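First the structure, in the form of structure tokens, and then the observations on it.
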Amino acid sequence: MTRRQRVLDAAIGVLGTAGPRGLTHRAVDAAAGLPQGSTSNHFRTRDALVDGVVDRLLEREAELWGRLAGDVSTPDALADAVGRVVAELARERLLTLARHAVFVEASVRPGLGGRIADAHRRIAGWAVPLVAALGSRDPVRDFWLLLAVIDGLLTNQLADPQPDFAPTEAIRTVLRGMLGTRDG
């Protein structure tokens, strides 16, 4: 892991524990166990730090998807893959809380909203064709619906953690409804 990644992972931890208001260069230095000023060597401003966090969140979520997704060639296989990823994101509570903190930050920092929109477009770039290949009649709409379901499942699990959290069946039900199928 590079020092930059270490700083960004520490920033993710700070966001996940202290929220957007707790994100300071000094707090990140302390969380990373680095000398004071280390974070500002990589990210001169708080905005630059938050932008770096967005990139690192995407990097970590893409790695998670790559590690857990597997086969996604049928609706049931996609439901299983997405369910595994959502369950892991729920277990990686600080990562997911940091993701939500970035969304809160975007509500008061317009430029950040554009970065998040760009990230969504990149995700849509590979996910929409996947949903289309499964037989969706409106793959763009269905991608956004699936993303909303994922975010809703994660938000509910963060707010009211359930020990038996198993998102796959809800995702399977939504996919079947989107695709007009009964079975995978």
Side-chain angles (χ1 to χ4, degrees), residues 1-2 4-16 20 23 42-75 77-155 157-158 167-168 170-171 174-175 178-179:
M1 174 183 301
T2 68
R4 184 177 194 279
Q5 288 171 323
R6 183 173 165 195
V7 165
L8 291 172
D9 285 348
I12 287 168
V14 169
L15 274 172
L23 184 68
H42 293 281
F43 304 98
R44 293 278 179 218
T45 65
R46 187 177 180 284
D47 285 353
L49 179 59
V50 172
D51 288 347
V53 166
V54 169
D55 293 339
R56 182 67 175 148
L57 286 169
L58 281 169
E59 195 178 288
R60 287 184 56 185
E61 289 179 7
E63 183 277 325
L64 182 69
W65 175 261
R67 184 168 38 90
L68 297 178
D71 174 33
V72 292
S73 61
T74 68
L78 180 61
D80 290 343
V82 172
R84 284 190 299 274
V85 170
V86 170
E88 183 63 22
L89 286 171
R91 281 188 290 277
E92 292 206 26
R93 192 171 173 78
L94 290 181
L95 180 75
T96 303
L97 284 167
R99 182 173 177 261
H100 281 70
V102 166
F103 291 160
V104 170
E105 182 84 8
S107 71
V108 295
R109 192 176 133 213
L112 185 57
R115 286 186 56 82
I116 291 170
D118 288 343
H120 282 150
R121 280 191 287 280
R122 283 185 291 195
I123 294 166
W126 65 261
V128 169
L130 182 70
V131 172
L134 294 175
S136 168
R137 286 183 289 247
D138 191 342
V140 172
R141 179 204 63 200
D142 290 345
F143 160 73
W144 287 107
L145 173 63
L146 184 58
L147 193 60
V149 168
I150 290 166
D151 283 339
L153 287 166
L154 285 169
T155 300
Q157 182 63 10
L158 290 173
T168 301
I171 294 164
V174 169
L175 280 172
M178 284 176 5
L179 301 172

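Side chains are part of it too, since the values below use all heavy atoms of this structure and drop only hydrogens, waters and symmetry mates. These numbers come from a predicted model, not from an experiment.
Expressed to the nearest 0.5 Å, how far CG of Leu146 lies from CG of Leu78 amounts to 6.5 Å. Note: Arg115 CZ to Asp51 CG = 4.0 Å, rounded to the nearest 0.5 Å. To the nearest 0.5 Å, the span separating CG on Leu154 from CG on Leu89 amounts to 5.5 Å.
Among pairs with a residue in residues 78-91, those fulfilling side-chain hydrogen bond (donor to acceptor under 3.5 Å, both in side chains) read Asp80-Arg172, Glu88-Arg91, at least two apart in sequence or across chains.
The two atoms that bring Leu158 and Arg93 nearest to each other are O-NH2, 3.0 Å, heavy atoms only. The two atoms that bring Val53 and Ala11 nearest to each other are CG2-CB, 3.6 Å, heavy atoms only. Scanning all heavy atoms of the two residues, the minimum distance from Ile12 to Arg56 falls at CD1-CG, 3.7 Å. Residues Val72 and Ala81 come closest through the heavy atom pair CG1-CB, 3.7 Å. Residues Val54 and Leu112 come closest through the heavy atom pair CG2-CD1, 3.6 Å. For the pair Pro75 and Leu175, the tightest heavy-atom approach, listed with the atom from each and the gap, is O-CD1, 3.5 Å.
By the 4.5 Å heavy-atom criterion applied to side chains, Arg60 and Asp9 are counted as neighbours. Side-chain contact between Ile171 and Leu153: present, with at least one pair of heavy atoms (C-beta onward) separated by less than 4.5 Å. Looking at Arg46 and Glu105, their side chains come closer than 4.5 Å, going by heavy atoms from C-beta outward. The closest side-chain heavy-atom distance from Arg109 to Pro20 is not below 4.5 Å. Contact annotation: the side chain of Phe43 approaches that of Leu8 to within less than 4.5 Å [non-hydrogen atoms, C-beta and beyond]. In this structure, the side chains of Arg99 and Glu61 come closer than 4.5 Å at one or more pairs of heavy atoms. By the 4.5 Å heavy-atom criterion applied to side chains, Met178 and Arg137 are not counted as neighbours.
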Q. How far apart are the C-alpha atoms of Ile150 and Val82, what are their side-chain angles, what is the distance that settles it, and do they pass the side-chain contact (heavy atoms from CB on, under 4.5 Å) test?
A. CA-CA 8 Å; Ile150 290 166; Val82 172; 3.6 Å; yes
**Q.** Pair His100-Thr96, side-chain contact (heavy atoms from CB on, under 4.5 Å): steps then yes or no
**A.** CA-CA 6 Å; His100 281 70; Thr96 303; 3.9 Å; yes
Donor-acceptor list for residues 119-135 side chains, cut-off 3.5 Å, not counting sequence neighbours:
unit_1: Arg121; atom_1: NH2; unit_2: Asp118; atom_2: OD1; d: 2.2

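A side-chain donor from one of Ser73 and Asp71 sits under 3.5 Å from a side-chain acceptor of the other.
Between Asp55 and Arg4 there is no salt bridge, since no side-chain N of the basic residue sits under 4.0 Å from a carboxylate O of the acidic one.
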